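Sequence lines set the chain letters: A, B, ... in the order given, protein chains first and strands last, and positions in each chain run from 1. Worth saying up front: this structure is predicted, and the values here are computed from it rather than measured. For the numbers below, each heavy atom of this structure counts, side chains included, while hydrogens, waters and symmetry mates do not.
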There are 2 protein chains.
Amino acid sequence: MQKIKNMSEESLNKTGGLDTEEKIKEAARTIFHQKGYAATRTRDIAEAAGVNLALLNYYFRSKEKLFNIIMSETLGRFMEKIRLIFNDPGSTLEEKIGMITSQYIDLLIDEPEIPLFIISEVRTNPELLLEKLPIRDLIFRTIFYKQFQQAVAERRIDAIHPIHYLMNMIGLIIMPALAKPILQSAFHMNGDAYKELMENRKQLIPRWLYTIHLNSNQSDNEK
Amino acid sequence: MQKIKNMSEESLNKTGGLDTEEKIKEAARTIFHQKGYAATRTRDIAEAAGVNLALLNYYFRSKEKLFNIIMSETLGRFMEKIRLIFNDPGSTLEEKIGMITSQYIDLLIDEPEIPLFIISEVRTNPELLLEKLPIRDLIFRTIFYKQFQQAVAERRIDAIHPIHYLMNMIGLIIMPALAKPILQSAFHMNGDAYKELMENRKQLIPRWLYTIHLNSNQSDNEK
DNA sequence: GTCTATAGGGGGATAGAC
DNA sequence: GTCTATCCCCCTATAGAC
């Protein structure tokens, strides 16, 4: 299986369309996402990539280094969406919520394993987050945050901690992805039903969020 | 492996107040909950229990058998609350929601690892659920479910699938527990702040759920 | 760059003394 | 029932031929 990379055009191998390093990363991403770091065996990654185990260490030195690369990329890909939308100057608060919901639900239809992967691995290894991402800034120093604060002020709604708003938004979006194995196992829900459920929530979640956090008629301050 | 517990006096060992089998289970529960099956080493369980590794296999035959016992007990403990409340004939729908929220939040203040533990391990091993628990019946053949259907009918609210209601309820409750490692790492939130956040949600979540699912003034049917 | 073969070590499980 | 010592497999990582 020699690797004649025809550099004149591209560095892509005919087998799978990717060069070896990329094939290994692709396989690693899939398996790490599904099973987590501890339960993943490098042998399985190599086999899924269609290469020999030794190549994995040739390209990435160790399982842990390979994992860190995958984790960085996944975290980055996941957070980049938020960052872009939260800082978009051309959209209203409501539009931002709609974009976040819609884009993340699309992502979670394709890759429902990502939230559980991130949550699990951050638990065992909390430094993963701090090292890489300035999450506080990414949330509290954004146009989104200013717009939200302004909306709350205009409506004279008693302030509950904004962390509730963020957690509810993220929670409502990712919950079906987290629950997918349980939905499949307990309710025999198949892929199409899951997808339909997710598509429904594209409309529902923004309305829910608006209703519970930004509706001054029955806001949080009524005791 | 006979287990004659001498009840006349006590079956308790002086060291720690529990007999050996119980000490091992206690240690196993803690570590399995924190790290999951794959990342847990039997040596660590034995050490945490203050006994020798060989005893673990003497009492439980294997890591896997020990794990299954822990998983069964944790799942049972988790689901039993729902079952009792959902079938309580003496409480209204609103009261049931309040009880669920309050009791589970108390549980998650003490043991925030449980949701992630269950979700993670069910993913790798979906049979765990089906074998043990009749979840469908546990949800759809309950007094709670009848009361919910009735409330929706009375208010003439367009029906969205009740799975949304359940997922939102569970999601809003467990979300902070799932996010705890991230909240600690990214926001330096300590145990007290987490507890206060959770206590706040005891009041907030029932109101939110009522507002988005049972308020006919601005229900889901407005387009 | 890619392979085969193997070193090296960790972790689950057991034998056997007490 | 509890311990020490040990087995043995499996998994990561590397050496070395091609």
* Rounded to whole angstroms, how far apart are CG on A/Leu56 and C1' on D/dA15? -> 17 Å
* Proximity of A/Tyr104 and A/Phe78 rings by center, below 6.0 Å -> yes
* Structure fact -> Whole-Å distance, A/Phe60 CZ to D/dA13 P, equals 13 Å
* To do: Would you kindly compare A/Ala38 and B/Leu53 by the position of their nearest DNA chain D nucleotide and give the one closer to the 5′ end?
  => B/Leu53
* Over how many whole Å does the gap from A/Asn57 atom CG to C/dT4 atom C1' extend? -> 14 Å
* Using whole Å, report how far CD of B/Glu64 lies from C1' of C/dG12. => 12 Å
* Side chain of A/Ser62 only, please: which of D/dA13, C/dT2, C/dC3 is the nearest? => D/dA13
* Could you tell me the separation between the CD atom of A/Glu22 and the P atom of C/dG1, rounded to a whole number of Å? => 14 Å
N/O contacts under 3.5 Å, protein versus nucleotides 15-18 of chain C?
none

* Has A/Tyr58 got a side-chain N or O lying under 4.0 Å from the OP1 or OP2 atom of C/dC3? -> no
* Give a yes/no on whether any side-chain N or O of A/Asn52 is located under 4.0 angstrom from OP1 or OP2 of C/dC3. => no
* Could you pull out all residues at least two apart from A/Gln149 that satisfy side chain to side chain donor-acceptor pair (under 3.5 Å)? => A/Tyr145
* To do: Taking atom types as modelled, find out whether A/Asn87 and A/Arg141 have a side-chain donor-acceptor pair closer than 3.5 angstrom.
  => no
* To do: Provide, to the nearest angstrom, the distance between the CZ atom belonging to A/Arg61 and the C1' atom belonging to D/dA13.
  => 10 Å
* Asked: Any ion pair linking B/Glu80 and B/Arg83 (charged N to carboxylate O, less than 4.0 Å)?
  -> yes
* **side chain to side chain donor-acceptor pair (under 3.5 Å) partners of B/Arg123, counting only residues at least two apart** => none
List the atom pairs, with distances to 0.1 Å, where a side-chain N or O of residues 172-180 of chain B and a protein N or O form a donor-acceptor pair under 3.5 Å, not counting sequence neighbours.
none

Using nucleotides 7-11 of chain D, report all nitrogen or oxygen pairs with the protein that are shorter than 3.5 Å.
{"residue": "D/dC11", "atom": "OP1", "partner": "A/Arg41", "partner atom": "NE", "Å": "3.4"}
{"residue": "D/dC11", "atom": "OP1", "partner": "A/Arg41", "partner atom": "NH1", "Å": "2.3"}
{"residue": "D/dC11", "atom": "OP2", "partner": "A/Arg41", "partner atom": "NH1", "Å": "2.8"}

* Structure fact -> To the nearest angstrom, the CG-P distance between B/Leu55 and C/dA13 comes to 15 Å
* Structure fact -> By salt bridge (Lys or Arg N to Asp or Glu O under 4.0 Å), B/Lys202 pairs with (sequence neighbours left out) B/Asp106, B/Glu199
* **B/Phe148 ring center near B/Tyr165 ring center (under 6.0 Å)** => yes
* **Within 45° cone and under 6.0 Å: B/Lys63 NZ/CZ vs B/Tyr37 ring** => yes
